[in-house]
Amino acid sequence: MNKTKFFALSAVATLAFSANAYAAKEIKVASNNTPYTQDNVQKLAATAVSMGVKEPVSLNLAGGSLTVSGSSATKCVFKVGDGDTPKIQGVNCK
């Protein structure tokens with residue numbers, strides 16, 4: 001596993017599932033087409049922002065992949081599967 005992928009997966013595990021990851025600041029969400037709870041949306045958005053996506057963010061779920069984009073060129077694609085709760089299987093930010 002290359003270092004970038006390991007770092008990305010570590011960041012997701014640490015930030016996306018930490019109950020207080022976004023407690024200090026709520027991430028501004030411009031649009032969201034997911035069935036996820038506000039808490040899960042904030043966790044995913046906070047992870048993307050920590051990886052370079054700029055606020056306000058947009059979350060677009062299609063075919064088991066969640067794309068989080070913002071006002072910068074950086075986009076994060078989370079492989080989350082199907083359902084009402086994200087099951088993160090990987091992340092790629094460019």
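Everything numeric here is computed off the predicted structure, so don't read it as measured data. If you read the sequence from its start, that first residue is 1, and numbering goes on from there.
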Trainee: Would you list the pairs meeting disulfide bond (SG atoms under 2.5 Å apart) in which at least one residue belongs to residues 25-60, sequence neighbours left out?
Mentor: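 The answer is none; no pair qualifies.
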Trainee: Do Leu59 and Tyr36 touch side chain to side chain, with heavy atoms closer than 4.5 Å?
Mentor: no
Trainee: Partners of Thr34 by side chain to side chain donor-acceptor pair (under 3.5 Å), sequence neighbours excluded?
Mentor: Asn32
Trainee: Quick check: closest heavy atoms across Pro35 and Gly83, and the distance to 0.1 Å?
Mentor: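 Closest approach of Pro35 to Gly83: CG-O, 3.6 Å.
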Trainee: Any disulfide bond (SG atoms under 2.5 Å apart) involving residues 29-94? Give me the pairs, sequence neighbours left out, ordered by first then second residue.
Mentor: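 Found Cys76-Cys93.
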Trainee: Got a sec, which pairs hit salt bridge (Lys or Arg N to Asp or Glu O under 4.0 Å) with one end in residues 44-53, sequence neighbours left out?
Mentor: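 For residues 44-53, and leaving out neighbouring residues, there are no salt bridge (Lys or Arg N to Asp or Glu O under 4.0 Å) pairs at all.
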Trainee: Let's go through Leu44 and Val57 carefully: what are the C-alpha distance in whole Å and the side-chain angles of both, what is the deciding distance for side-chain contact (heavy atoms from CB on, under 4.5 Å) to 0.1 Å, and is it a yes or a no?
Mentor: CA-CA 10 Å; Leu44 291 161; Val57 299; over 6 Å; no
Trainee: Of the non-hydrogen atoms in Ser69 and Val53, which two are nearest, and what is the gap between them?
Mentor: C-CG1, 3.6 Å
Trainee: In the structure I gave you, are the side-chain heavy atoms of Gln42 and Val29 within less than 4.5 Å of one another anywhere?
Mentor: yes
Trainee: State plainly whether one hydrophobic cluster holds both Val77 and Leu66, where clusters connect Ile, Leu, Val, Met, Phe, Trp and Tyr through side-chain heavy atoms under 4.5 angstrom apart.
Mentor: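 As far as the 4.5 Å side-chain criterion goes, Leu66 and Val77 are not connected within one cluster.
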Trainee: Could I get the full list of side chain to side chain donor-acceptor pair (under 3.5 Å) partners for Ser58, not counting sequence neighbours?
Mentor: Ser31
Trainee: Listed by chain and number, what are the side chain to side chain donor-acceptor pair (under 3.5 Å) partners of Asp84, not counting sequence neighbours?
Mentor: none
Trainee: Going by the salt bridge (Lys or Arg N to Asp or Glu O under 4.0 Å) test, which pairs reach into residues 57-69, not counting sequence neighbours?
Mentor: none
Trainee: Using the salt bridge (Lys or Arg N to Asp or Glu O under 4.0 Å) rule, collect all pairs that involve residues 64-78, keeping only residues at least two apart or in two chains.
Mentor: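 Residue pairs passing salt bridge (Lys or Arg N to Asp or Glu O under 4.0 Å), neighbours aside: none found.
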Trainee: Sorted by first residue and then second, give each salt bridge (Lys or Arg N to Asp or Glu O under 4.0 Å) pair with at least one member in residues 48-57; sequence neighbours left out.
Mentor: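 Every pair satisfying salt bridge (Lys or Arg N to Asp or Glu O under 4.0 Å) with a residue in residues 48-57: Lys25-Glu55.
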Trainee: Could you pull out all residues at least two apart from Asn33 that satisfy side-chain contact (heavy atoms from CB on, under 4.5 Å)?
Mentor: Asn60, Leu61
